[in-house]
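As C-alpha cells, the structure follows; a few thoughts come after it.
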Amino acid sequence: MADRDTPLINNLEDGPWPSYVKEIKRAAKKNAAAKDLLGVQELSFKDKITHWKHGGIVGVTGYGSGVIGRYVDVPEEFPAVEMFHTMRINMPSGWFYTTDALRKICDIWEKYGSGLTNFHGSTGDIILLGTDTKSLQPCFDELTEAGFDLGGSGSALRTPSACVGPARCEWACIDTLDICNNLTQEFQDEMHRPRWPYKFKIKVSGCPNDGVAAIARADFTIIGTWRDSLRIDQDEVRRYVKNGFDIKGIVTDKCPTKALAWDEKAQKLNLRADDCVRCMHCINKMCKAIRPGLDRGATILIGGKAPIIKGAYLSWVLVPFMKMEPPYDEAKELLHKIWEWWDENGRTRERVAELIERMGLKTFLRAVDLKPLPQMVYRPRANPYVFFD
Amino acid sequence: MADRDTPLINNLEDGPWPSYVKEIKRAAKKNAAAKDLLGVQELSFKDKITHWKHGGIVGVTGYGSGVIGRYVDVPEEFPAVEMFHTMRINMPSGWFYTTDALRKICDIWEKYGSGLTNFHGSTGDIILLGTDTKSLQPCFDELTEAGFDLGGSGSALRTPSACVGPARCEWACIDTLDICNNLTQEFQDEMHRPRWPYKFKIKVSGCPNDGVAAIARADFTIIGTWRDSLRIDQDEVRRYVKNGFDIKGIVTDKCPTKALAWDEKAQKLNLRADDCVRCMHCINKMCKAIRPGLDRGATILIGGKAPIIKGAYLSWVLVPFMKMEPPYDEAKELLHKIWEWWDENGRTRERVAELIERMGLKTFLRAVDLKPLPQMVYRPRANPYVFFD
Amino acid sequence: MGKSDIGPPSYKKMLPAVIEKNYGKWKYHEITKPGVLRHVSESGDEVWTVRAGSPRLVSIDFIRDICDIADKYCDGKLRFTSRSNVEFMTPKKENVEPIIAAVQKLGLPVGGTGKAISNIVHTQGWAHCHSAATDSSGLVKAIMDELYPYFTSMKLPAKLRVALACCINMCGAVHCSDIAIVGIHTKPPKVDNSKVSAVCEIPTTMASCPTGAIRKNPDPNVKGLVVNEEKCMYCGNCFTVCPAMPLADSTGDGVAIYVGGKVSNARHTPMFSRLAIPYLPNNPPRWPEAVNAIKNIVEVYAKHALPDERMGEWIDRVGWENFFKLTGIPFTEYHIDDFTHGIDTYRTTTQFRW
Amino acid sequence: MGKSDIGPPSYKKMLPAVIEKNYGKWKYHEITKPGVLRHVSESGDEVWTVRAGSPRLVSIDFIRDICDIADKYCDGKLRFTSRSNVEFMTPKKENVEPIIAAVQKLGLPVGGTGKAISNIVHTQGWAHCHSAATDSSGLVKAIMDELYPYFTSMKLPAKLRVALACCINMCGAVHCSDIAIVGIHTKPPKVDNSKVSAVCEIPTTMASCPTGAIRKNPDPNVKGLVVNEEKCMYCGNCFTVCPAMPLADSTGDGVAIYVGGKVSNARHTPMFSRLAIPYLPNNPPRWPEAVNAIKNIVEVYAKHALPDERMGEWIDRVGWENFFKLTGIPFTEYHIDDFTHGIDTYRTTTQFRW
Ligand code: SRM
Ligand code: SRM
Ligand code: SRM
Ligand code: SRM
Ligand code: SF4
Ligand code: SF4
Ligand code: SF4
Ligand code: SF4
Ligand code: SF4
Ligand code: SF4
Ligand code: SF4
Ligand code: SF4
C-alpha cells in the first residue's frame with residue numbers, strides 16, 4: 001500500500017512530537033503486516049471504529065498466558081494482519097537494558113513479527129506487536145534462548161514492575177529492583193498459568209512518590225518508607241535559605257501535618273518527628289538537606305485497580321511497615337495467603353479488592369492473619385451496623 | 001409504692017446535675033401513673049431491659065398523628081401505666097412561651113396525664129408523657145382551647161423547628177421563626193394525616209452555625225446565608241487587635257479557604273470575598289467587627305436523617321440560594337414537588353434521601369425542576385459509568 | 001369535637017417586649033460569664049440571658065417553678081433552647097444575679113454557653129420506649145453528674161456537644177455529635193413464632209431487614225420466620241415493624257460511643273460521629289464503664305486540642321491513630337466499616353502516623 | 001521445546017557501571033535543565049541522565065537507533081522510564097550535550113522532567129484493541145504536538161501527568177492522572193443474536209453487566225439476549241466476555257476528560273481523576289475538540305495554580321465551582337455521580353462559592 005492511500009494518518013507525520021505513523025511506515029518498508037496495519041489505521045480513522053476482533057486462545061506450549069490473540073475484521077482487505085497477536089515479554093526490573101539485549105530482541109522480532117513494538121506496555125512488558133499463530137512458538141524459543149521470557153496475561157499474576165529505585169534515586173527506601181526481580185522469579189508459575197478468578201498485579205515503588213503508580217494499579221502495592229525520623233542537615237538547610245529559598249512558602253506551609261517549622265531566629269528547621277507522615281514533600285523540595293530516615297521498609301497496600309466492574313480502587317493500607325530483606329519471605333507468605341483466600345472465594349472476574357469489599361475487610365484480615373490497625377483506615381465507621389461475635 | 005422500693009433509681013437523686021428521678025417523684029406524689037413509672041424504671045434498672053411494649057394505634061378524632069401509643073409489659077404489677085401514651089404538642093417557633101401558656105398546659109396535663117413531660121422532645125415538641133386512651137380526646141380538646149395543637153408523628157410531616165434566629169441572635173440571615181410558623185400553619189394537613197412513605201422533617205437555622213442541627217436531622221434543611229460580601233468594621237477589628245486578640249492564630253489561620261489576611265502594616269483585615277464560603281468562623285470570633293452580608297436568603301439542603309435503614313445522611317445542597325420572603329412560595333412549591341415525587345416513587349419506610357440515592361439525584365432534579373450545579377457536589381464523579389440520553 | 005388543625009400558637013405572642021422591639025436588629029453579643037449572654041441591639045437596647053440546665057424529663061411543678069422566676073424577673077416570658085436548657089431573658093442587667101440565685105435555689109446549674117458542655121440531647125430510654133437498648137435519662141444523669149464542671153465553666157478548647165440515643169434509631173442529632181452515646185443490642189431478635197402471623201405482616205418484616213437476614217421458616221409446619229444470625233447486626237428494624245421480634249437482652253444490651261461529629265459549618269464542614277468504643281455494658285444506676293470512658297475522652301481532648309478545635313477537628317489534625325493512642329482505647333475490627341460505603345473509609349495513602 | 005519459566009533477565013546484568021558501583025548510595029540530584037538530571041553519590045561519583053520522549057509505538061529500527069546512541073556515549077546501556085521515555089545515562093558531564101544532539105537528530109524531544117508534562121501513558125487504541133472507543137497513538141500524537149512546549153520546558157506550577165485509555169477498562173493509571181482522556185461508548189451494545197449462543201456463555205454474559213441490563217430474549221423463538229437500553233451505561237463489560245455484543249459506533253464513540261488525579265503521596269493523598277468533560281467526538285486525525293479542551297485546561301491551570309500545586313490540589317483549593325467557571329466548561333447532570341458510592345460526593349455543607 002502506497003503513502004497516498006492513507007491521507008488521514010499521514011497527517012500525523014507532521015508536528016514536533018515524534019510520529020508513530022512514521023514508525024509504522026519504517027516497519028512497513030520491510031514487513032507486510034506492518035504495511036497492512038497502516039491500512040487498518042487509516043480505515044479506523046475513516047470509520048471512527050476499531051477494526052479488531054476478539055482474540056481466540058493462542059499461545060506457546062506449556063503457557064496459558066503472555067500472548068494476546070488478535071484478528072482483523074476485514075481480513076479480505078488486509079490479509080497480512082488476519083492474525084496480529086501480541087507477545088508480552090517480561091522486561092528486566094527497572095527497564096534497564098544493554099544494547100546487546102535490545103538488539104537481540106529486535107533481530108528476533110524482525111524475523112518473526114511485524115517489527116513493531118511498544119517500549120513498554122503500561123503494565124511494563126515489552127510488547128511485541130503483531131504476529132501470526134505459527135510464529136509464536138519459534139519466536140518464543142529464540143527469545144528464551146536470548147534470556148527473555150513471556151510476561152503475564154489473563155487470570156494470572158501480571159508482570160510485576162518497579163521504579164528505578166536504588167539504581168539511580170537517592171530516596172529509595174527498599175531495593176525495588178531486587179524485590180521485583182525476586183518476586184517475578186519466585187512466581188513464574190502463577191504468572192504463566194492462569195488459574196485465578198482474575199488478574200493480579202504487583203508493583204514496587206521505592207518511596208511514597210510512587211514512581212510506578214503502584215497505589216492506583218497494583219492489587220499488591222509495595223511502597224518504600226521509614227519508621228524513624230527523616231534526617232535533616234541543618235547546615236544544608238541554612239544554605240538553601242541563604243540562597244533565597246522560600247522555606248516557609250515552599251516547604252513548611254505545605255507539610256500536610258505542619259510537622260515542620262522554620263525557626264528564623266535560631267536558623268533551624270524544627271521537626272515534630274511523630275507528626276511526619278512521610279509524604280516526601282520537604283525531601284522533594286530540599287533533597288540536599290532532608291533525607292528519608294534509616295529504619296527502612298515498605299508499606300504494603302492492597303487492591304488498586306481500574307474501574308471495571310465495581311469502580312476504580314486505590315490500594316488500601318494492609319501492613320503499615322514490613323522489613324524488606326531477601327528472600328522477602330514475609331511478603332511471599334502474605335501473597336500466598338491472599339491468593340489462597342481469593343482463589344477460594346472469588347467469583348470469575350472479581351479482583352481481590354472487590355472480593356474484600358463483598359466479604360468485608362474483617363473477614364479478609366482474619367483470613368490472612370493480620371490484626372486490625374487504625375493505620376488501615378482514614379477513620380472508623382460512622383454507622384452503627386456492627387456485627388459482634 | 002414507697003421510696004424504699006426503688007433503691008437503684010434513688011441513687012440518681014444524688015449528684016449535682018438536676019435529677020429526673022426527683023421530678024418523677026414530685027409527680028408521683030399526685031399521680032398514680034407517675035408512681036408506677038418509678039417502679040417500671042426500677043424494674044428496668046434491675047433487669048437491664050425495657051418494659052414497654054409496641055404501641056397500638058391510638059389518637060384523637062380526625063388526626064392520624066401526634067400520639068404515641070405505649071403499654072407496659074407487666075400491667076399486673078403496674079396497672080396505672082398499663083397505658084402510658086405520649087402526646088406531642090406543637091411548640092411555638094423558637095420555644096418562646098408566656099408563663100400563662102405554660103401554666104395552662106401544666107393544668108391540663110395535671111388533669112388528664114401523669115404530670116410528667118419533656119421540655120422538649122428532640123424534634124422540638126412539648127412531650128406530654130403518659131396518659132391513657134380515654135383521656136386523649138378531652139385532653140386534646142382542652143389543649144386546642146388553650147391555643148395548642150398536636151405535632152407530627154408517623155409517616156407524616158413532623159413538627160418543624162427553628163433556632164432563636166432574629167429574636168435574639170445577630171447572625172440570623174432569615175426570619176427563622178416566621179418561616180417555621182408559616183410552614184407549620186400551611187402544612188397542618190400534611191402533619192396531622194400521615195399518608196407518605198415515611199416521616200419528613202423540616203428545620204430552619206438562621207445561619208451556618210446551624211443551631212437546630214438541621215443539616216443532620218431534617219429532610220428539608222433551611223439554613224440562612226448571604227450572597228454578597230461579609231461586612232467588616234475595620235475600626236472594630238483594630239480594637240480587637242489592640243486589646244491583644246491574636247487575629248492570626250484565632251481567625252485568619254482558621255478560615256477554611258484562607259480568604260482573610262491581616263495586614264499588620266496597614267492594620268487592615270483583607271478579604272477575598274469570592275473565596276469566603278460563609279463558614280461563620282471569623283464572625284463567631286469577632287462579632288463586633290465582622291457581620292454577615294446584606295443580600296440574604298437561605299441555602300436549601302435535602303435528605304438529612306438518622307441511620308435507619310441505609311445509614312445516616314447529612315443533607316445535600318439542593319438550592320444554593322433562595323430568597324426567603326413571606327409567603328415563602330418558592331419553598332412551598334419546592335416542597336410540594338418533592339413530596340409528589342417521593343409519594344409516587346417511595347417505598348414504605350423510605351426516606352426521601354434514600355429514594356434519591358436509589359433513583360439517582362439526576363432523576364430527582366428533573367422531577368423537581370432544578371438545574372444541576374457544581375455547588376450540589378463536593379466533586380464530580382470519578383467513575384466513567386455515565387448514562388447518556 | 002373541638003378545634004382542629006389550628007397549629008401552634010404564634011411565637012409573636014410569646015416574645016418578651018425587648019425582643020419584640022429589637023427583632024432582627026441585634027448587633028453583637030458577649031458571654032459575660034458562664035451561662036450569661038448579653039445581646040446588644042442596633043437600637044442600643046440590650047437583653048441579658050441566663051441559661052439554666054434542665055433534666056428535660058420534668059414534672060409540671062418544675063415548669064411552674066421556672067414560670068415563677070420568669071414572672072418575677074422576666075415579665076412572664078421565657079424560652080427553651082434547642083438543647084432543652086431554659087433561658088431567662090431580661091433587659092435589666094440588675095436582674096441577672098437575682099435570676100441566677102433563683103435558678104440555683106431550684107437546684108439548677110447556670111452555664112452551657114461558649115466553650116462548655118451544654119445539656120445532653122437525649123431520648124426516652126427505659127422510661128418510655130419499647131425499642132430502648134439502654135436507659136436515657138438515667139445514663140444522662142450519671143454522665144452529667146461527672147461532666148458538671150464543664151457545664152458551669154468555659155474551659156474547654158471549644159463547644160463539646162454530647163448526645164445520647166437509647167437505640168440506633170438515634171432520635172436526636174446524635175450521629176453528628178462531638179460525643180454520641182448510643183444504646184445497642186448485640187444479640188439477634190428472638191422470634192416469637194406463636195405471635196408472628198397474628199401481629200406482623202410477614203413480607204414487610206422480611207423486607208425491613210437491611211441485610212436480608214430474615215426468611216420464612218423453612219419448616220412447613222411452622223408458620224413464621226427465622227433469622228440467619230450470622231447476617232444480623234442487631235439494628236432492630238425488624239422489631240420496629242414486627243413486635244414479635246424483640247431484641248432486648250439483659251446481658252447483650254449496652255452502649256457504644258461515637259466521637260468527632262459536628263453540624264455547624266464553622267471552619268470544618270459538618271461531620272458524622274465515628275466509632276470510638278464498640279460496646280460497654282449497661283450497668284445501672286451509674287454506668288461506671290460508660291461514664292469513665294466518656295470522661296477520659298473529654299479529658300484527653302481538653303488536654304490536647306488547640307483553642308477552637310472541636311473534637312472532630314482535633315482528631316482530624318492529630319489523626320485517628322493518635323486518638324486511639326492518647327485515649328488508650330483499643331482499635332478493633334469492629335471499628336472498620338463494612339457497611340455499604342465502608343471502603344470509602346479505607347486508607348488509600350502511605351500517609352499515617354506510627 | 002526450549003526453555004520455560006526462566007523469567008526476565010536479571011537487572012543486574014543491565015546496569016551501567018556507575019550505577020552498579022553507586023547502587024543505593026545516591027545522595028541528591030538536580031535537574032540542570034529540562035530533560036537533564038544529575039545524581040550525586042555519597043562516593044562522590046555522579047551520573048548524568050538525558051531523558052528523551054518516545055512515541056512508544058515504535059519500530060525495531062527506532063530501538064536500534066537509540067542503541068547506537070547508547071553504544072556511543074553510555075557504554076551500551078540505557079533504560080526506559082515508567083512513562084515510556086528513554087533515558088541515557090553517563091558518568092561524564094561532557095557526554096551530555098552530544099547525547100542531546102544525537103537524540104534531537106533522531107527527532108526526539110529532550111525533556112519531561114520536573115514541572116513539565118511528561119510522556120502520555122497510553123494504550124493500544126485502533127492500532128490493536130478490539131475494545132477501543134477511540135484511538136490511542138493517534139490522539140496522543142495530536143495532543144503532544146500541542147503540548148510539546150510543556151514537555152521541553154519546566155514552566156508549569158508542578159508535574160502534570162496526562163494519561164489516555166481507549167476504553168473504560170482504563171489500561172494504565174489513567175484514573176489517577178492530572179488529566180485523563182478516556183475513550184467512551186455512548187450507545188448500548190448491538191446484540192447479534194445469530195452469534196450469541198455460538199460464541200458466548202449466556203449466564204456469564206448476563207452476570208457481567210454491572211447494572212443488570214442484560215436479559216434472556218423474551219421471545220421464546222429467539223435464542224439470545226436483549227439489552228434494556230435504559231439501564232445500559234455502555235461500559236463494554238458484556239462485550240469483553242461476549243464478542244457478539246459490540247458497542248463500537250461511528251457517531252456514538254468519543255472521549256471523556258477527567259482531571260485532578262494523582263498517585264504520589266506528596267502533600268495531598270492520592271486522588272482519583274474526576275469528570276470534567278463528559279463527551280467530545282472522535283474527529284481524527286487531529287481530534288481538534290479534544291485537543292483544544294485539554295489545552296484550555298492546561299492553560300487555565302498554569303495560570304491559576306500556585307507553585308507546587310498539582311491539578312487536583314489547585315482544584316481542591318479553589319473549588320470545583322471555580323474550576324468550571326474558570327475553564328468555561330459547563331456543569332451537567334452527567335457530572336453528578338449516580339454510581340454505587342455517588343452520594344459520598346454530594347455536598348453536605350453550606351460552604352461553597354457562588
Ligand atoms: C440558644 C441556641 C439557639 C436556640 O435556638 O436554642 C444557640 C445560641 C447561640 N449560639 Fe449556637 N445555639 C444553640 C445551639 C447550637 C447548635 C445545635 C446543637 O447544639 O444541637 C450548634 C451546632 C453544634 C454542632 O456543630 O454540633 C450551635 C453552633 C454554634 C456555633 C458554632 C460552634 C463551632 O465552632 O462549631 C456558634 C459560634 C460560637 O460559639 O463561636 C454558636 C453561637 C451561638 C450564639 C453565640 C449566637 C448568638 O450570637 O446569639 C448563641 C449563644 C451561644 C452560646 O450558647 O454560647 N452556636 N449552636 C442553642 C443553644 C443550645 C444549648 O442550650 O446549648
Ligand atoms: C420522642 C422522641 C425522642 C425524645 O425523647 O425526644 C422520639 C421517639 C421515638 N422515635 Fe424518634 N423520636 C424523636 C425524635 C427523633 C429524631 C430527632 C429529630 O426529629 O430531630 C430523629 C432523628 C432524625 C430523623 O428523623 O432521621 C428520630 C429518629 C427516629 C427513627 C429513625 C428514622 C430514620 O429514618 O432513620 C425512628 C424509627 C422509626 O421511624 O421507625 C424513630 C422512632 C421513634 C419511636 C416512635 C419508636 C418507634 O420505633 O416507634 C419513639 C417513640 C418513643 C416513645 O415511646 O416515646 N425515631 N427521632 C423524639 C420526638 C419528640 C418530639 O416530637 O419532639
Ligand atoms: C524516572 C522515573 C522513575 C522510573 O522508574 O522510571 C521517576 C524519576 C524521578 N522522580 Fe518521579 N519518576 C517517574 C515517575 C513518577 C510517577 C509515576 C507516573 O508518572 O506515572 C510519579 C507519580 C505521579 C503522580 O502523582 O501522578 C512520580 C512522582 C514524583 C514526585 C512527586 C511529585 C508531586 O509533587 O506529586 C517527585 C518529586 C518531585 O518531582 O518533586 C518525583 C521525583 C523524581 C526524581 C527527582 C527522583 C530522584 O531523585 O531521582 C526523579 C527524576 C524526576 C523528574 O523526572 O523530574 N517523582 N514520578 C519516572 C519518570 C517518568 C517519566 O518518564 O516522566
Ligand atoms: C497492552 C495493554 C495496554 C497498553 O497498550 O499498554 C493492555 C491491553 C489490554 N488490556 Fe489492559 N492492558 C495493559 C495494562 C493495563 C493496566 C495498567 C497496568 O497493568 O499497570 C490496567 C489498569 C490496572 C488494572 O489492572 O486494574 C489494565 C486494565 C484492564 C482491564 C480492567 C481491569 C479491571 O479490573 O478494572 C481490562 C478488562 C479485562 O481484563 O477484561 C483490560 C483488558 C485488556 C485487553 C486484554 C482487552 C480485553 O478486554 O481483552 C487489552 C488487549 C489489547 C491489545 O489488543 O493488545 N485491561 N490494563 C497493557 C498491558 C501491557 C503490558 O503487559 O505491559
Ligand atoms: S518512587 Fe521514589 S524511589 Fe522510586 S524513583 Fe520515584 S522518587 Fe525515586
Ligand atoms: S515528609 Fe511530608 S509530612 Fe514529613 S515533614 Fe516532610 S512535608 Fe511534612
Ligand atoms: S443558628 Fe445562627 S442564627 Fe440561629 S441561633 Fe445559632 S448562631 Fe444564631
Ligand atoms: S466566614 Fe469563614 S470562610 Fe468566610 S472569611 Fe470568615 S472564616 Fe473565612
Ligand atoms: S432512640 Fe430508639 S429507644 Fe430511644 S426513643 Fe428513639 S426509638 Fe426509642
Ligand atoms: S435486627 Fe436488623 S439485621 Fe437483625 S434481623 Fe432484624 S432487621 Fe435484620
Ligand atoms: S484501554 Fe480498552 S481499548 Fe485500550 S487497550 Fe485497554 S482494553 Fe483495549
Ligand atoms: S455495556 Fe455495560 S451496562 Fe451496557 S449492557 Fe453491556 S455490560 Fe451492561
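Naming convention: chains lettered A, B, ... in sequence-line order (proteins, then strands); numbering from 1 in each chain. Values reported hereafter were calculated over all heavy atoms of this structure, with side chains retained and with hydrogens, waters and symmetry mates removed.
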With only heavy atoms counted, which part of Asp249(D) is less than 4.5 Å from chain A, the side chain, the backbone, both or neither? backbone
Could you check Thr204(D) against Thr348(A) for side chain to side chain contact (heavy atoms under 4.5 Å, CB included), going step by step and ending with a plain yes or no? CA-CA 9 Å; Thr204(D) 311; Thr348(A) 309; 5.6 Å; no
May I ask you to check whether Asn22(D) and Arg168(A) show a side-chain donor-acceptor distance below 3.5 Å? no
Any side-chain heavy-atom pair of Phe119(A) and Ile63(D) under 4.5 Å: yes
Return the minimal non-hydrogen interatomic distance between Pro307(A) and Ile168(D), and the atom names on each side. CG-O, 3.6 Å
Whether the Thr99(A) and Asp71(D) side chains hold a donor-acceptor pair (N or O, under 3.5 Å, no angle test) is what I'd like checked. yes
Do the charged groups of Arg26(A) and Asp65(D) touch, with an N to O distance under 4.0 Å? yes
Take Lys288(A) and Lys27(D), measure what side chain to side chain contact (heavy atoms under 4.5 Å, CB included) needs, and give me the verdict at the end. CA-CA 7 Å; Lys288(A) 291 182 192 166; Lys27(D) 204 170 158 197; over 6 Å; no
Check: Lys48(A) and Pro284(D) side chains under 4.5 Å, non-hydrogen atoms: yes
Glu13(A) and Lys141(D) ion-paired at < 4.0 Å: no
Could you check, using the six-membered ring where one of them is a Trp, whether Tyr71(A) and His130(D) have ring centers closer than 6.0 angstrom? no
Under a plain distance cut-off of 3.5 Å, with no hydrogens placed, do Asn118(A) and Gln124(D) share a side-chain donor-acceptor pair? yes
Heavy-atom pairs under 4.5 Å with chain D, option from Asn284(A), Leu177(A), Leu8(A) with the top count: Leu177(A)
Side chain from CB out, backbone as N, CA, C, O: work out which of these in Asp107(A) comes under 4.5 Å of a heavy atom of chain D, or both, or neither. both
Is any side-chain N of the basic residue among Asp210(A) and Lys262(D) closer than 4.0 Å to the acidic one's carboxylate O? no
Indicate, with yes or no, if the rings of Phe151(D) and Trp17(A) have centres closer together than 6.0 Å. yes
Ring centres of Phe45(A) and Trp287(D) under 6.0 Å apart? yes
Ring centres under 6.0 angstrom apart (Phe80(D), Tyr97(A)): yes
For Asn181(A), which atoms come within 4.5 Å of any heavy atom of chain D: side chain, backbone, both, or neither? side chain
Salt bridge (Lys or Arg N to Asp or Glu O under 4.0 Å) between Asp100(A) and Lys77(D): does it pass, once the steps are laid out? CA-CA 9 Å; Asp100(A) 268 4; Lys77(D) 309 275 165 63; over 6 Å; no
With salt bridge (Lys or Arg N to Asp or Glu O under 4.0 Å) as the criterion, how do Arg64(D) and Glu110(A) come out once you've worked through the C-alpha distance, each side chain's angles and the decisive distance to 0.1 Å? CA-CA 12 Å; Arg64(D) 286 164 177 155; Glu110(A) 180 150 18; 2.5 Å; yes
Contacting region of Glu357(A) [heavy-atom separation from chain D under 4.5 Å]: side chain
Under 4.5 Å from any heavy atom of chain D, what part of Cys207(A) do you find: side chain, backbone, both or neither? neither
When heavy-atom pairs shorter than 4.5 Å are enumerated against chain D, which of Pro256(A), Gly165(A), Ala216(A) gives the highest number? Ala216(A)
Give the C-alpha distance, both sets of side-chain angles, the deciding distance and a yes or no for side chain to side chain contact (heavy atoms under 4.5 Å, CB included) between Ser44(A) and Asp135(D). CA-CA 8 Å; Ser44(A) 279; Asp135(D) 191 33; over 6 Å; no
Side chain / backbone / both / neither for Tyr148(D) at chain A, heavy atoms under 4.5 Å: side chain
With a 4.5 angstrom heavy-atom cut-off, could you sort out which part of Thr184(A) is near chain D: side chain, backbone, both or neither? side chain
Using a 4.5 angstrom heavy-atom cutoff, name the option from Asp175(A), Leu37(A), Ile24(A), Leu43(A) with the most pairs to chain D. Asp175(A)
Checking heavy atoms, do the side chain of Asp178(A), its backbone, both or neither come under 4.5 Å from chain D? both
In terms of heavy-atom proximity below 4.5 Å to chain A, should Thr240(D) be classed as side chain, backbone, both, or neither? both
Chain A contact via Glu30(D) - side chain, backbone, both or neither, heavy atoms under 4.5 Å: side chain
Does this structure show an ion pair linking Asp61(D) with Lys22(A), if we count only N-O contacts that are shorter than 4.0 Å? no
Chain A contact via Pro9(D) - which portion, at a heavy-atom distance below 4.5 Å: both
Aromatic plane relationship, His128(D) with Phe84(A) - under 30° parallel, 30 to 60° tilted, over 60° perpendicular: tilted
Identify which part of Tyr378(A) has an atom lying under 4.5 Å from any heavy atom of chain D, answering side chain, backbone, both or neither. side chain
Measuring heavy-atom distances to chain A, does Glu313(D) have an atom under 4.5 Å in its side chain, in its backbone, in both, or in neither? neither
Okay, Thr159(A) and chain D: the region with an atom under 4.5 Å from a heavy atom over there is neither
For chain D, which candidate among Arg278(A), Met191(A), Lys285(A), Glu142(A) shows the most heavy-atom pairs at distances under 4.5 Å? Lys285(A)
